[in-house]
Trainee: 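There's a structure below that I have some questions on.
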Amino acid sequence: MTLGRLWEKWGWGWLFIFVVGAVLEACVQSGAIKAAIVPPPTRVLETTWGLVVGGGLWGPVWHTASLLMVGWASACVCGAALGLAMGFNRRVYALFEVLVELIRPIPKPALVPPLMLLLGMGPGMEIAIVFLGAFFPVLIAAIQAAQGLDPVRLDAARTLRVGKWATIRHVIVPQSLPMVLSGMKISLALAIVLAVLAEMLTGTGGLGAMIVDLQRSFRAREMYAWVLVLAVFGCLLVYGFEWLERRLTFWQAEAQ
Amino acid sequence: MLSLQSLSMRYGNGQDAVQAVGDVTLDVREGEFLTIVGPSGCGKSTVLQMIAGLMQGTSGQVTMRGRPVQAPPEGLVYLFQQYSRSLFPWMNVRDNVMFGMGGQPGVDRRQAMQSCEEYLTLVGLEGMGDRFPWQLSGGMQQRVAIARALAASPQVLLLDEPFSAVDALTRAVLHDLVLDVWQKRGLTVVLVTHDVDEAVYLSDRIALLGPRPSRVAHVYDNPLPRPRDPVATRACPEFSRLRGELLAHLLGRQP
Amino acid sequence: MLSLQSLSMRYGNGQDAVQAVGDVTLDVREGEFLTIVGPSGCGKSTVLQMIAGLMQGTSGQVTMRGRPVQAPPEGLVYLFQQYSRSLFPWMNVRDNVMFGMGGQPGVDRRQAMQSCEEYLTLVGLEGMGDRFPWQLSGGMQQRVAIARALAASPQVLLLDEPFSAVDALTRAVLHDLVLDVWQKRGLTVVLVTHDVDEAVYLSDRIALLGPRPSRVAHVYDNPLPRPRDPVATRACPEFSRLRGELLAHLLGRQP
Amino acid sequence: QEKAKLRVSVIPIVDVAPLYAAQKQGYFAEEGLEVDTAPVSGGAAGIPGLVGGAYDFAFSNIVSLAQAVAQDLDVKIVAPGSDVRTEAPDIAGIFALADAGIKTGADLNGKTLAVNNRNNNIWLYAREWIEQTGGDVNKVTMREIPFPQMADAVRRKQVDAAMTVEPFFSTNVKDGTLVAVDFPYIKVQPGLNVAQYVATDDFIAKNPETVARFKRALKKGAEWVNANADQPAFAELIASYTKMQPELVQNLVLAPAPVSVSAESVQKTLDLMKKHGLLEAPMKASDLLYGDLND
Amino acid sequence: MKALAMWRSTAWTGWALVVGLCVLWQLSVVQGWVQSENWPALSAVLAKIWEGFVSGEWLSVFGPSIVRMLSGYALGCALGVMLGMLVANSRWAKRLLGTSIALLRPLPVPAIIPPLILLLGVDDALKITVIAFGVFFPVFMSAYAGVLAVDPVHKQVLRTFRIPGWIALFKVKLPTALPYIFSGMRISLSLALVLTVIAEMTAGNDGVGYYIVSMQYAMRAADMYAAVILLSLLGYVLNRLFVVLESRWLRWSRQLEERK
Ligand SMILES: Nc1ncnc2c1ncn2[C@@H]1O[C@H](COP(=O)(O)OP(=O)(O)OP(=O)(O)O)[C@@H](O)[C@H]1O
Ligand SMILES: Nc1ncnc2c1ncn2[C@@H]1O[C@H](COP(=O)(O)OP(=O)(O)OP(=O)(O)O)[C@@H](O)[C@H]1O
Ligand SMILES: [Mg+2]
Ligand SMILES: [Mg+2]
């Protein structure tokens, strides 16, 4: 990629962030905003750099990343499978719809007491929280995708009598892929938030535990340094996923 | 082989209802090449989809070898009029064609690839296996759809305006290809077309549908001898007569 | 009016590259009816899309009234070969047709609705305004697309196989409709078709493209007098001669 | 003109009874103040809210406050909040399974102790208690578990012991499977001033008279609480804002409401914080106190 | 009519499953499989629900929450749709805002609360902002994806008719994106409810969130579960309403339903 195209893609976005950061810096330096609550961006960057150089970064990031991968990946698999089944089969839909819609709006903190009885306050709980949060967006996207399939393509598969599994594998899955992946992307963003929340709750480590500890002791500068780490971490994950998404649904972009 | 008994189809209900197919009764004999012609919007595609088991008529029924058709029956393949939508954009041409064969167990992949390549050559797309549908022209897409239908080695083939997007030369080649496959495999073919020339050249019998709500207006027997030849058959006086008769009927004039 | 100067188009790059259009040079005169015929996949649609400004050629250029075409120029409308995909499924037929008029300010809605109804009547779809595209047959969808193109009141009309899905009668009606509009409005029309009969019946000149990578193989002048008549014109010996010549060329035989 | 309409952030627990009492008995009104209570879940919203101007006073524990001051937040203690008791049973304690045999910090070596949050009062005093009773804090794992879930965690052996507060403590040890181990506050620092009301320097400088009135009214509230702790009116008051059932309130272990803040007590906590790494540099109690709060 | 018939035919199985699970819950307490202060009998919970209805308590608990939730949801959806379509349509918007939005996306609500308190105080303004913040991202991402999903042939139709950008936006891009947007809005709907509860747990003295925490700390588990159950019923009803509205709006995809 040439320098010009790099600038085209990222330059303006970072320039914008830089301007916002500079305005904030000016506000804090002039005392309009209390530095103890909102530290100046330069100091935060300094601290973040310290984390990168000192290597203290990787432990918590790794903890969060592995939690995320386990919880989110299993949610994606289960959500997509159940969602497609529900979107396709009225009976499956009727069987699970009520339960799903009843569990979905329950705030995860309210689920902690019963989950605690089942799973204790450790990794099991954290994974459960991430899973529950990430599961439903994928499920809903999959239901919607299955219901929105092009009837001509489905009928094409029917008339060729390729059988149920081949239809699912070669027609339903690829065609619902764009929408399911968009659901997975939404749920990835949610899963990051929830992984952090879960770590805040259980305090067994990771970015969330780090941030909440620093917040409780009012160490705003360090806290925002970690928040920045989290933002970049999440950003990279989502961009990585988008990259994968473009490759998996190449026919969509190419056809344009 | 196939039997349509006072088949009718109404889309929608209440005020918006459209009686697409009025009352169609028709028998398709085993191994014959039957063509359905009729004005645009008269319900040809609808009838074909009901035969294919993709749709249930509002009344009447379709039977295949005596058994009522409720789902796509085995050995029957339907080729969509919307060819460009019926191809899968995420599969290359080869996989699209092989998709129809996939259902059959015992066909190993190498063999399938090879016969897929043969079908592509037959429809004039040799070496295009690696392309994706959106990299092909309209006519080429339609030919991929034809290759896919043939590759599924059906006993009954339902073709909905399969040559609408191809030029005269390719069309002539495809006509002979379809006739060839039909003869060699002993297929039963039901073809929908609006090209009268094509109808006369290809078929044993021609069913003419009236305007919506459609009924079978007339069934013409085609006395032209087989095998057909692109030039010789068209030179027959019988050809011109039948063609003229059909056209006149379609254009609403007495012959 | 329109001028194509050694236009060429290559899809993709590297190994996968396809030279779709070789080197096409062609002039379209103001007010003329020009038809392009050629084998399937030779690049007809590609050429038309380059004229429409929807695509830039790899080399060469298109000018309209002397100005290079880089984006869709005003007063020019392109009718897609994939008619069924080009309609908007969330709009009913009337809104689809009116969509083309929407761009012009100062057209009030009542008036637009009325002229929309007129166009629908012209293409034989009177009273279908409230239906949705997916409630129509293939041929009817194609006619909606034609009505939409006409409703935009263009000065230049590019038609890509616009009659491929309609029956003989409707086609005959649409031929006369297009000729009528062309004459009354003084349009310039470029039509792509693979139906030689149609090409001869409608046009002033016929450009024949060779196989991919395409060049203009020959441009035929059509001496048939105007106005054309479905029966009388086809009865002219000139008609048969030209038709035979074109067919022979297309089928690769010497006439 | 000083501010007379006040907004006070509180944590809706028994400890803020004096404030509610002062409000209900009209002591604030007598001082010409109008007080609005705003419950928050903990210090996370309280102190930022105070600094941001959403609240005028906040109820805060001493450990959070000291950490805030250490990070250059200009807040000061203006009035006493709550104390622990001077003798057992206390308002907070460690419990474990009856058959686990845990009695001292030494017994916890290699085991797990649950606290509600890391780096807060409970954590600090639990650690000090472990050290003072022969344990080694480096050998004890501290796990975070919310108070309501601690009993489940101990019963299910997810942790070996837990330090909790009222009303959970007395309820948990009621049925005999769980037993009280010890009361760390009493062992380490009986009568500790555990929480206070704080305000920003800025607010104090602009509203010294209001602060004085607030303090006076609150003191009357504390006296009312101390005088009526065994009366139904008190149980009603607590039930009204904690939503606890009155029966539960009646069985609570209560500490007397404080009327003063002892600089030595605060200093001792600060020293402990330094010792256990919650403060990087030593801090003086006088840096936290606004005026003399011993009267 | 059709919906009603379908309801009669199969919808009961879903409720049967829920009832089955409820019976299991009750048995787990009655039979003593689970013993904990945090696991009340279902019967006690149901009794509390009934009691709350009789006394009108639920109205005062849920009323403020619903108002807050709907305001935050509406704000978040409106911003999400507008910015999502803007960023997908305008190269400049994408260049300027794309990176910032991607950076803000993974931030957990608790991390943004302290600086927001400085700006917005601790009252409804804060809570509604927090709800809108959470609701925003799914809607934004789906609106963005929806605009990108516009059929290439449709895009060319727009070009050949030289349709002005804003008409194209409303008449073509929005309808294409609508199924995506609705999917995002459905996800956000329950998210809004969740965030309302979380925001109310942090600060304030009314609403379900506050109720749930205080019940937990007052050792009234049955009351807490009563609120949680009502919350999930509320979510169910809202979702149902949403689906009805959605099918009205997406009338053109009726074709797909009929085909099945
Ligand atoms: N899904 C539908 N809903 C409502 N009406 C429909 C639907 N599909 C088709 N129709 C109507 O039924 C009639 C017959 O349609 P059909 O597609 O069978 O025609 P056809 O004979 O194949 O026409 P063509 O030659 O133009 O393809 C048409 O008038 C059409 O409007
Ligand atoms: N997007 C694309 N990517 C790669 N190759 C393409 C693409 N579109 C078209 N082609 C190739 O360009 C050639 C010309 O295509 P075009 O659609 O112009 O043909 P056509 O003359 O319109 O054919 P038909 O009569 O079948 O519609 C074809 O060989 C096709 O495979
Ligand atoms: Mg049809
Ligand atoms: Mg073409």
Side-chain angles (χ1 to χ4, degrees), chain B residues 11-12 15-16 18 20 37-46 80-85 123-125 128 130-132 135-143 160-161 163-174 192-197 209 211-212 230-231 246-247 249-253, chain C residues 11-12 15-16 18 20 37-46 80-85 124-125 128 130-132 134-143 160-161 163-174 192-197 209 211-212 230-231 246-247 249-253:
Chain B
Y11 284 107
Q15 270 221 310
D16 291 346
V18 177
V37 284
S40 172
C42 76
K44 301 182 292 296
S45 301
T46 308
F80 284 83
Q81 185 173 11
Q82 294 104 319
Y83 57 92
S84 83
R85 271 172 68 197
V123 298
L125 294 176
M128 300 270 182
D130 288 323
R131 305 263 196 98
F132 284 87
Q135 294 176 322
L136 301 182
S137 76
M140 290 155 100
Q141 290 175 15
Q142 199 168 30
R143 285 181 271 158
D160 198 349
E161 309 203 1
F163 313 118
S164 65
V166 293
D167 65 295
L169 176 61
T170 318
R171 184 183 294 220
V173 172
L174 292 175
V192 162
T193 182
H194 51 256
D195 183 338
V196 171
D197 189 280
L209 294 191
R212 182 162 59 84
V231 180
L246 271 164
L247 259 180
H249 204 135
L250 263 180
L251 301 181
R253 303 191 199 134
Chain C
Y11 285 106
Q15 269 221 311
D16 291 348
V18 178
V37 283
S40 171
C42 76
K44 301 182 296 296
S45 301
T46 307
F80 287 82
Q81 185 174 10
Q82 294 105 317
Y83 58 91
S84 84
R85 267 175 73 193
L125 292 176
M128 300 269 181
D130 288 323
R131 304 266 196 97
F132 284 85
W134 34 270
Q135 295 177 319
L136 302 181
S137 76
M140 291 154 100
Q141 291 175 12
Q142 199 168 32
R143 284 181 272 158
D160 197 350
E161 309 204 0
F163 311 119
S164 64
V166 293
D167 65 295
L169 176 61
T170 317
R171 183 183 293 219
V173 172
L174 291 176
V192 162
T193 183
H194 51 256
D195 184 339
V196 171
D197 189 280
L209 293 191
R212 179 160 61 84
V231 179
L246 271 165
L247 258 179
H249 205 137
L250 264 179
L251 301 181
R253 302 189 201 137

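Only heavy atoms go into these numbers, but all of them, side chains included; no hydrogens, no water, no symmetry mates. Reminder, nothing fancy here: chain letters follow the sequence lines and each chain counts from 1.
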Trainee: Under 3.5 Å, side chain of C:H194 to main-chain N/O of B:L169, donor-acceptor pair present?
Mentor: no
Trainee: So which residue, C:S45, C:A172, C:P39, ends up with the most heavy-atom pairs under 4.5 Å with chain B?
Mentor: C:P39
Trainee: Nearest 0.5 angstrom please: B:R171 CZ to C:D195 CG, how far?
Mentor: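 B:R171 CZ to C:D195 CG: 7.0 Å, rounded to 0.5 Å.
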Trainee: Could you tell me which portion of C:T170 (side chain, backbone, both or neither) has an atom closer than 4.5 angstrom to a non-hydrogen atom of chain B?
Mentor: side chain
Trainee: Enter the distance from B:D167:CG to C:L247:CG here, rounded to the nearest 0.5 Å.
Mentor: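 Result: 10.5 Å between the selected atoms.
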Trainee: Is there a donor in the side chain of C:R143 and an acceptor in the side chain of B:S40, or the other way round, less than 3.5 Å apart?
Mentor: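 Judged by distance alone, the side chains do pair up.
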Trainee: What part of B:V173 lies closer than 4.5 angstrom to a heavy atom of chain C: side chain, backbone, both or neither?
Mentor: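 Neither part.
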Trainee: Residues in salt bridge (Lys or Arg N to Asp or Glu O under 4.0 Å) with C:R131, at least two apart?
Mentor: none
Trainee: Taking all non-hydrogen atoms of both residues, which atom of C:Q81 and which atom of B:A165 are closest, and how far apart?
Mentor: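 Nearest pair, atom of C:Q81 first, then B:A165: NE2-CB, 4.3 Å.
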